[in-house]
Structure formats: structure tokens, C-alpha cells
Amino acid sequence: MSIPSFNEIIEQNDQTEARAASLDAIAALVGNVYPNKFSRTAASGVEDTITALKHFATVADVESRMAEIKASLGEGERPPADKKDALNEKLKALGTVRIAGRLTTPTRGNFVHLTDGVNKLQVYCNKKGPLALIKNDGSDSVDEENGWALWQLLDHGDLIGAEGYLFVTNTGEVSVHVEKLQFLAKAMLPMPDKMHGIADPELQRRFRYADLIASTLQIEHEGLTTREVFERRAKLVSRLRRFLDDAGFIEVETPMLTPKATGAAAKPFETHHNALDIPLYARVAPELYLKRLVVGGFEKVYELNRNFRNEGLSQRHNPEFTMLEFYIAYMDVNGMMDFAVTMIQDAVAKANNGGLTVKYGDNEIDFGKFERISMLDAIAKYAPGVEVDDNNIITAFDEHVEHHLIQPTFIVDYPKSISPLSKADPSNPNFAERFELFINGMEVANGFSELNDPKEQYERFVDQMSERERGDEEAMILDEDYIRALSYGMPPAAGIGIGIDRLVMLLTNKHSIRDVILFPHMRPEKGSGGVEE
RNA sequence: GGUCCGAUAGCUCAGUCGGUAGAGCAAGUGGCUUUUAACCACUGGGUCGCAGGUUCGAGUCCUGCUCGGAUCACCA
């Protein structure tokens, strides 16, 4: 395989050539074009971001005062000079600020915005100066003459540092009057379209970095920006962790590479360990490891991490997906449903600005109430004429019921035959004490009263193994060590697995799982050497 | 894997009945310089996804392929 040249990786065209020329000219002015640091000092007195500066009390106050003044003005009217001057006094008293960020689209002439990804702050440079540039030779020495020359060489998307004082413009926007400018890094590639961002979903996912840049440079957008989607995702995940930690759980990490892929009905990825010369499988579920820990005395235990399933890709399926799985000793399936509702409501509210209702496509989903209905009752309700027996119950459910379950609904009483790790319902031995949570027709969670009788568990595995021999590739594999663990005695316990990606889809009004995973699986790029032709 | 839709300038997109390849943004040059996405003037920029076919002539019609999206099947 030949190593591609830089110019093959970064396709050369008029845009990149112009930027390369700009970079050469900047190098002639400042020296090293990739300096190692820029000290950001904002008015709040700490190493600060633009966002922190904008939220700093004095700045925020000036902005809100100016907003009031502007609200009282007519179309095209400018804020009165005396009021502006008074606010400028307050800003000037803050002294010099040093901010850094990416250059957004130049508006006109000397004005441009710098963004730290979250917020923007306008900066202003005056040709008549004084405008110095900070040299990048490590000495922090200043070239008093060439600030304007550097300013003119900058491109949309370049990263710069700016030092100056805050002021309010004639139109009432708080800005930095730049006195010193430092070049920090070059955007060799043109920025995404300022109005549309990156429109092609393939390119959004493939070039996620550019998609995220577009989130902060784009002028208008519908729905959440990509950045906001992942901020919301992060908020949800951190809130779920917090909730469990506060409830006395321990977070653990169990093997991702396992000698046996079991604990869920799924096809695994296979790899090979060279030193041991054995096959290893990317885990399809952490379930059996976590229950070993319940045996060991971790009565409340959770893992929030990736699982891997070697199956088809779809709007709702990525080969690796994030699952929150947890177990509570001495609890049964009903207690688990109660607990899960409280936890999900807490996390949804925190990630959704306090609200429990979410717009998803044409539906409004209300996380305020979760229904519970048995699988048989659900089939009777949505497919009244359909005769159900052991063999067709799941098919009937999938075909006739699933897509009706828009509002959060626990389907309970699953056939035992398809629930090899869950306890049977004592009053109805053909059924398991198991639920799945459906929202918008999508399976979001799966939980049950955990089977803790080692002999029965062994028999269930044996049944699975014979299913396997009959050709069901996804039937579970007997895990002998798990049987041994259960034989030490596991307390009664309830467990649940929650599909985090799908929950995030619901909270962000995204209809493809690939839009809530930063780097979803894609086919290799053509000519990247990823595939032999 | 089946079906439907799409691929045109760096980006977002037009392109009528088959008849010289278009716009906005971005880029370049010059002007303006307290502006709020889009200031003014000029300029450069195309293997119309790939390969065939029909035709005097194909971005446009036909066939195959590649890649993507939607949807069905399968799955969580």
C-alpha cells in the first residue's frame, strides 16, 4: 500500500491554495504559525473562555442593559451616545481582556466574531491602530507595525488570540477593541457553509469535526445543532450516573473482550489474542459479569458502557451501542420498574430543560407517566382477532403491537422461553418476570427478576445450546463459570439494561442512531486503503 | 438482501422538450471601514459519481456499477 501524500489527503483547489498562501505570508510575519499556547485572561480574572467572559457579571449586566435600551428604540435607530458612553465606562474599567477562538464569517470590514464553540464575541480591529501583533517566537515580543497586516491575512475559520478592551458598538453589541493580535492556528480547509452547515448526513457523520464547527458558525438552524445534541447526551449520561451514585451504586467496568460472547441473544465480533492464541469476543452484554458482582456482594452495581453486536445497521442499530445496565439486590421486576421510572424522569428533566414532555417527529412524548400492560393484553388490545400461542406470541407482538407503543409503556409478562436469564412468574410458570420498555415504538429498556437458581439457570442454558445446534446463531452460550458463581448464592435481584443511544434519540428529536453517536460506523472512504479493491 | 430517491463549482442548490454549464455563499483583486447572514465593482473556478449504450448532439433518455439516504426484512 502506498502512503498518500499530504496533498492527496488535503485535496488541492483554489480554496486550499489561497489558505496555504495566506499561511506562508503569516509565517513571514509571525514566525512559528503553530505556537504552543495563548494565555486567556478575561475580566473575571481567571484563565477564561469567551462563554465565561460573557457570563461574567459586569459583561452580562451591560449586555442586558443594552438589550433594554435597544428594545425601546425604533427600527434602525442607534442607542443614544450618552447611555452608550456610560456602559463603555463600566467595560473599560474591567481593563484588558485576552480571548481566543475561531474566526466566524467576517461581517464587514473590521468586525468579526470569535467563538469558543458555545458563545461568540465580536472583535474589532482598526486600520489606524494601534494594532500590534504578538510574535510566535516564544518570546511574546510584540511587533507594533504589523498587526493590521496579519489581520488582513486571516481566513474564515483561523484560530487567533486577541488582547484589547471591551466596548459597546454603535449598534449596541459588546465587543473587544483589539490592540494586540496573535495567530494561533490555521484552517487549511474552507469552513462549512455559513447558512446551511453541512447538509449531507453522510458528510456530517464522516467529518464530525467539521459538522461540530458548523454548529457554532452556522447562522440559522432548525432543531438542535449537532453540538447541542451531544451536549444534551452528555448531560443525560452524567445525570444518570449521578442518580445512581447518589442512590448508593458502585460503577464498575467489566471485560469488553471476553472468551465467550453471552448474556444476550446476539452475534459477536470475533478477534484473536496472539500471546494466548485464543479467540476473544467483543462483549454483547455485561450482564453475566455484573451478576457475578452481585454474588460477590455489590448489592447495587452499574456499568454504563459499550456493547458490540455483529448485526445489521439501521436507523436504530449501530454495531457498538451504549447501554446502562444495573442490578439491585433484594428487588424484583416491579420494584425495578418503579426505580427506573424515577431515574429516567430525573435524567430527562435535567437534559430537557426541566420538562418531561418531548417533541419527537409528529408525536409528543410524555415521560410523566409510564403505562404497564402484559404482552397478552397488549396483543388483545391492538390485534383483537389474533389467536396467540407459545410459538407466535412474539411475532404477533412485533407485528401488531410494537409500533403502537408511542408513549412510554412497560410490556410485562414475557414468554419464559425467550427469557433464559429471568425468573419465572410463580403464578404463571410459562411466563417470566420480565419487562421491556417501549417508547415511540422503540425498545428502550429490558429488565427482569434475575434467575438465581444455578440448577435452573444451567437447564436454561442447555435449552439455549440445543436451540443453537438447531441453527439459532443468537441463542445464548453456556457460561460454566457463571453457573459456578450463582452456586455461591446470589440474592434475589432485579436488573435492567437501558439503551442510551435510543433514549438520546428521543430527547433530541433525532430519527437515526447515527445522529446521536459522534462517530458512527461508516463504510471506509474510497481510496483510503481501508478496503482491497 | 428487496424497493424507492439522490450524486452538477470548495459549500448549498437550479438546470424546462435532448441543443453553448448556471445562481448564492466561499475564494482572488480593488474600494469601503462602528458592521450585525447577505456592502460595492471586477475576476477565477466544472471528468455534471463511474463505465457503457441510444442519438447529428446526453447533465438530461437507457443499462450496469459505486456511494449515500429513506423504507421493508432481520435485529436491541
Side-chain angles (χ1 to χ4, degrees), chain A residues 10-22 70 76 78-79 81 84 88 104-113 120 122-128 148 151-152 155-157 167-173 175 177 187-207 210 214 217-221 264-267 284-285 307-323 325 394-395 398-399 402 436-438 442-446 473-474 497-503 511-515 522-527 531 533:
Chain A
I10 306 304
E11 187 199 342
Q12 299 299 294
N13 55 45
D14 64 325
Q15 316 274 314
T16 54
E17 280 161 16
R19 283 165 185 270
S22 145
K70 280 163 82 175
R78 299 250 158 119
K84 200 186 85 166
N88 273 334
T104 70
T105 317
T107 49
R108 195 167 150 179
N110 318 7
F111 285 97
V112 74
H113 285 86
K120 294 173 185 175
Q122 184 166 258
V123 298
Y124 167 73
C125 289
N126 193 324
K127 186 179 187 174
K128 297 181 184 109
W148 184 254
W151 176 254
Q152 286 181 297
D155 284 314
H156 183 203
F167 74 111
V168 173
T169 64
N170 282 344
T171 53
E173 179 167 345
S175 308
H177 190 123
M188 300 286 289
L189 289 166
M191 292 297 104
D193 188 282
K194 66 179 173 182
M195 293 309 290
H196 307 89
I198 296 179
D200 183 338
E202 181 196 353
L203 300 181
Q204 287 176 357
R205 295 159 187 164
R206 232 181 246 294
F207 311 133
L217 299 186
Q218 210 175 327
I219 288 154
E220 286 172 356
H221 57 87
K267 282 176 259 179
V284 295
N307 293 325
F308 306 88
R309 299 190 184 173
N310 204 344
E311 288 157 5
L313 287 78
S314 83
Q315 231 180 348
R316 297 173 175 193
H317 299 85
N318 195 58
E320 54 181 298
F321 64 102
T322 300
M323 187 146 84
E325 200 162 312
I394 282 299
T395 321
D398 288 350
E399 273 180 19
E402 228 178 71
E436 288 194 358
L437 171 62
F438 288 86
M442 199 158 53
E443 190 198 327
V444 172
N446 178 17
E473 286 181 77
E474 295 183 356
I498 299 175
I500 298 301
D501 310 285
R502 290 180 176 180
L503 200 51
H511 296 251
S512 171
I513 198 167
R514 293 171 171 209
D515 291 331
M522 309 280 286
R523 281 190 175 79
E525 267 184 88
K526 245 187 185 170
V531 184
E533 297 286 331

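Given the structure is predicted, the values throughout are model-derived calculations rather than measurements. Every chain is numbered from 1 and lettered A, B, ... according to where its sequence line falls, protein lines coming before strand lines.
Comparing the P positions of U16(B) and A27(B) gives an interatomic distance of 30 Å, to the nearest angstrom. Nucleotides G69(B) and G28(B), compared at atom C1', are 36 Å apart to the nearest Å. For the C1' atom pair drawn from U66(B) and C50(B), the interatomic distance equals 7 Å after rounding to whole Å. Comparing U60(B) with U3(B), their C1' atoms are spaced 24 Å from each other, to the whole Å. The P atoms of A14(B) and G64(B) are separated by 26 Å, rounded to the nearest whole Å. When the P atom is compared between C74(B) and G68(B), the two are found 23 Å apart, to the nearest whole Å. Distance check on atom P: U47(B) versus G10(B) gives 7 Å, rounded to whole Å. One C1' atom belongs to G15(B), the other to A21(B), and the distance between them is 9 Å to the nearest Å.
One atom, CH2 of W151(A), and another, P of U34(B), lie 13 Å apart when rounded to the nearest Å. If you measure from atom CZ of F207(A) to atom P of C11(B), you get 9 Å, rounded to the nearest angstrom. One atom, NZ of K127(A), and another, C1' of G31(B), lie 10 Å apart when rounded to the nearest Å. In this structure, the CG atom of L203(A) is 15 Å from the P atom of C67(B), given to the nearest Å. Summarising the geometry, the separation between CD on Q12(A) and P on A9(B) is reported as 18 Å, rounded to the nearest angstrom. For D155(A) and C11(B), the CG to C1' distance is 15 Å, given to the nearest whole Å. Atom P of nucleotide U35(B) and atom CG of N110(A) are separated by 11 Å, given to the nearest angstrom. Straight-line distance from the CD atom of Q122(A) to the P atom of U35(B): 10 Å, rounded to whole Å.
In this structure, CZ in R19(A) is found 10.0 Å from CG in N13(A), a value given to the nearest 0.5 Å. One finds the CG atom of N88(A) at 9.0 Å from the OG1 atom of T169(A) (value rounded to the nearest 0.5 Å). E473(A) contributes atom CD, which lies 4.5 Å from atom NZ of K267(A) (distance to the nearest 0.5 angstrom). Put simply, CE on M442(A) and CD on E402(A) are 10.5 Å apart, with the number rounded to the nearest 0.5 Å. For the atom pair CE (M188(A)) and OG1 (T16(A)), the distance works out to 7.5 Å, reported to the nearest 0.5 Å. Taking OG1 of T104(A) as the start and CD of Q122(A) as the end, the distance is 8.5 Å to the nearest 0.5 Å.
The side chain of A199(A) lies closest to U12(B), out of U35(B), U12(B), U33(B). In this structure, the nucleotide among U34(B), G28(B), G68(B) sitting nearest to the side chain of D200(A) is G68(B).
Among the protein residues, R502(A) comes within range of the nucleic acid bases, having at least one heavy atom under 4.0 Å from a base atom. Within the nucleic acid shown, N13(A) comes within 4.0 Å of sugar-phosphate atoms alone, with no base atom in reach, counting heavy atoms only. At a threshold of 4.0 angstrom between heavy atoms, the contacts of N318(A) include nucleobase atoms, whether or not backbone atoms are also involved. Heavy atoms of K194(A) sit under 4.0 angstrom from primed sugar atoms or phosphate atoms, though from no base atom. Contact annotation for P190(A): backbone-only contact, meaning every heavy-atom pair under 4.0 Å involves sugar-phosphate atoms and none involves a base. Contacts of A265(A) with the nucleic acid, taken as non-hydrogen atoms under 4.0 Å apart, involve only primed sugar atoms and P, OP1 or OP2.
Across all their heavy atoms, I198(A) and Q204(A) have their closest contact at O-NE2, 2.8 Å. Taking each heavy atom of R309(A) and A266(A) in turn, the nearest pair found is CD-CB, 3.4 Å. Of all heavy-atom pairs spanning F308(A) and V284(A), the tightest one is O-CG1, 3.4 Å. What you find for I513(A) and S314(A) is that their closest heavy atoms are CG2-O, 3.8 Å.
Remark on RNA chain B: of its neighbouring residues Q152(A) and Q15(A), the 5'-side contact belongs to Q15(A), judged by nearest-heavy-atom nucleotide. Comparing E436(A) and E173(A) against RNA chain B, the residue whose closest nucleotide sits nearer the 5' end is E173(A).
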RNA chain B base-pair string [pairs: Watson-Crick or G-U under 3.5 Å; |: paired with another strand]: (((((((..((((.....[..)))).(((((.......))))).....(((((..]....))))))))))))....
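No donor-acceptor contact under 3.5 Å links the side chain of D14(A) to the base of G10(B).
A salt bridge is defined here as a Lys NZ or Arg NE, NH1 or NH2 lying under 4.0 Å from an Asp or Glu carboxylate O, and D515(A) with R205(A) meets this definition.
For A26(B), the OP1/OP2 oxygens have no side-chain nitrogen or oxygen of R19(A) closer than 4.0 Å.
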Give me, pair by pair, the N or O atoms of the protein and of nucleotides 69-73 of chain B that are less than 3.5 Å apart, along with how far apart they are.
unit_1	atom_1	unit_2	atom_2	d
G69(B)	OP1	R205(A)	NH1	3.1
G69(B)	OP1	R514(A)	NH1	2.7
U71(B)	OP2	Q315(A)	OE1	2.8
U71(B)	OP2	Q315(A)	NE2	3.3

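Looking only at distances, no side-chain donor or acceptor of Q15(A) sits under 3.5 Å from a matching main-chain atom of L189(A).
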